[in-house]
*Asks:* 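The structure is given below, and queries will be raised subsequently.
We use all heavy atoms of the structure for the numbers below, so side chains are in, but hydrogens, waters and symmetry mates are not. The chains referred to below are lettered A, B, ... by the order of the sequence lines, with proteins before strands, and numbering in each begins at 1. In this text, all values refer to a predicted model and were calculated from it rather than measured experimentally.
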Amino acid sequence: MSAVLERILYVEDDDDIRTLAGFALKAVGGFTVEPCASGREALDKALGFAPQLFLLDVMMPGMDGPTTLARLRALPGLEAVPAIFMTAKVQPQEVQRYKALGSLDVISKPFDPMTLSSGVRAIWERRHD
Amino acid sequence: MIESAAMEAETRDALRRMRADGVRRLGERVADLTTAWKTLTLRPWDAVTRTGIGELASVAHRLAGAGGTFGFPALSAAAAPLELVLAGLADSSAPDAERVNQAHKLIASLVAALECGASVLDEPPEPPSATPGEAADPVLVCTADAAQSGLAALVSNLGYAVLRGAAAPPPAQRMAAAVVDAALPQALDTCRVLSARCPVILLADDSSFEARLAAARAGVSAIVPKPLETNELADWLDQFASHRRDATLCILVVDDDSVLAETYAMALRQAGMDASAISDPSRVLDAIAGASPDLVLMDLQMPGIDGIELARVIRQTRRHMSLPLLFLSAEQDAARQIQARRLGGDDFIAKPVDLGRLATLVRLRAERARSLRAVMESDSLTGLLNHGRFKERLSLELHRCRREGGVVSLALLDLDHFKQVNDQHGHLVGDRVIRSLARSLQKRLRRTDVIGRYGGEEFGVLLMGTEAEAARAAIDQVRRRFTALPFETDRSRFTVSFSAGVASNAGPDGPAEAEALIEAADAALYAAKRAGRDCTRLAGEG
């Protein structure tokens, strides 16, 4: 019996990818999405947005995904917000590494915009398994 | 959520427009990067130039991310190592000619990737499912009618999950292989569609050259003539399925330039290999001992120790005689290439390196070396460990158990009345039976279990961390499936059973030495034969 996922804080440094994925999450998945172009922007917006889930690109200039996640989780009230990383195709052992860093799972890039939302939702619903 | 078909169409349109925008911007970004790079290479090497190159490294990083998203995976594959090389250059106090050349080459690859056009975007290359599936992918069976449904049962009997259908399953469905009956209407069209997703095996009535050519043009990887020879189909399925399941190839890269070493390693990783890079040649023996690579890729010209000397050092160890060595070399030194070949250099790759070609060549060499090694250590009929190697492993594992504690069970299996099979059906059919049992054991046991062909019709299985009772259950499961598996010849249809004896090293009195354990398992096997065959007995059981 998990809460329905609605609010996603999405961090991706590439403008075109952010536009595409952000739109797909809104239009196909019906989510409320707060898109952020950097870890810094995410930290600024997170408290006001009250996200249920962080969706983070791994490799970003400046602050990378794992660092951003650690700092987001240091904010009051966001300690237990689940996260999903997005990154280029990875080996199973790397997925394990990202999970150890506090991510529920990893969504590999390139992603299919039509099924991105159902992928996110499936991971969200599995999170207590 | 999308509530109606109209809305879905609208969403798809919007996405399509966004992708088109993304693709157009990709082109602009590549053009900007190319121009900026040209300008920078004409400038003196100063702080401004280096900062500019550092900025291009960030551009390359974004291109690596965006390329795949907008349907240009080849662009990503060139942009990711380009980022490394550019970042390395930005950090150097002088422009290293080799790195500059490599950057030129990679930028040319970006442009080429863009010109090749986008891959089809409505069928994304990767399913969006998050974690790569570790379970074996199913085999798709496409047959014309219900009479052929035996084929699905047969494939399932060989240990594969089966998907049935006359058409292509949804794009997210992964498949190890597809088996298509040529009797299906538009069979070759089906093959053409499926061949983009997995290897296709065609069951053909007509195996003439013309038919084979038509099949090849439809992307068919293997043809199995009808009437169906089960083992031939099984061999192909094993090959295709294991191709995906095989452990990742492990490659060691040695180049004194750490940036280039890491660049090559990254290209190999992107091609699905497990690559590590070292820039200190004197560490090569440690690195080989640590990683047991399938292949070593090294620079021929390195200051201090050069590649030829390094090859000589590697070959001084007997175990490394067959380790493939691939050299990276500038084209002008033909004489040294001959010298390097004399020392067992297997091939040369010209610098600046074409990373796509590098990955292909490395994979081919490493796979070939792997399969040769497997042939040397295995029984030629079954591909299992041969008698000598099996006993070696048994001693090794028992030794480990004595040292670290732990339990293993040894099962010895012997086909029942095998001589009659040979007498009635001939040795070729007998060989088929032996291979089938080998395959059943491989399919149904865990990958950590060690399987050997112990003698003519006798097999040995070493089940790690398994008590005797559990080992019996595992062997019995194989036995029941195998006994039910029918063999067909032109004239008849028959089944074969086997008997098995199991012994483990568990308990204070458990046999700790290989000979004693073999003796105990052999006695149990004899008891199983005496009890009427087609059963499994434990050592010490009445």
*Asks:* I need the minimum non-hydrogen distance between A24(A) and L15(B), along with the two atoms involved.
*Replies:*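 Taking A24(A) first and L15(B) second, the nearest heavy atoms are CB-CD2, 4.2 Å.
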*Asks:* Enumerate donor-acceptor pairs with a distance under 3.5 Å from any side-chain N or O in residues 27-34 of chain B to protein atoms, sequence neighbours excluded.
*Replies:*
| from | atom 1 | to | atom 2 | distance (Å) |
| --- | --- | --- | --- | --- |
| E28(B) | OE2 | R24(B) | NH1 | 3.0 |
| R29(B) | NH1 | D16(A) | OD2 | 3.0 |
| R29(B) | NH2 | D14(A) | OD2 | 2.3 |
| T34(B) | OG1 | V30(B) | O | 2.6 |

*Asks:* To check you understand the geometry: which heavy-atom pair defines the closest contact between D13(A) and H61(B), and what is its length?
*Replies:*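 Smallest heavy-atom distance, with atoms named: OD2-CD2, 4.1 Å.
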*Asks:* Could you tell me which residues satisfy side-chain contact (heavy atoms from CB on, under 4.5 Å) with A87(B), sequence neighbours excluded, listed by chain and number?
*Replies:*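 Testing A87(B) for side-chain contact (heavy atoms from CB on, under 4.5 Å), a comparison that skips the adjacent residues, returns A57(B).
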*Asks:* Answer yes or no: is there a side-chain heavy-atom contact under 4.5 Å between R19(B) and P113(A)?
*Replies:*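 Sidechains of P113(A) and R19(B): in contact.
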*Asks:* Heavy atoms under 4.5 Å from chain B: which residues of residues 62-74 of chain A carry them?
*Replies:*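 Within residues 62-74 of chain A, near chain B: nothing under 4.5 Å.
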*Asks:* Side chain, backbone, both or neither: which part of M86(A) has a heavy atom under 4.5 Å from chain B?
*Replies:*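 Neither part; nothing is under 4.5 Å.
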*Asks:* Could you state the interatomic distance from CD (E12(A)) to CZ (R62(B)), rounded to the nearest 0.5 Å?
*Replies:*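 Output value for this atom pair is 9.0 Å.
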*Asks:* Around M18(B), counting heavy atoms of other residues, nucleotides and ligands shown, do more than 12 lie under 6.0 Å from its CE?
*Replies:*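 Enclosed.
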*Asks:* State which residues pass ring-ring contact (aromatic ring centres under 6.0 Å, His included) with F85(A); sequence neighbours excluded, sorted by chain then number.
*Replies:*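 Applying ring-ring contact (aromatic ring centres under 6.0 Å, His included) to F85(A) gives Y98(A).
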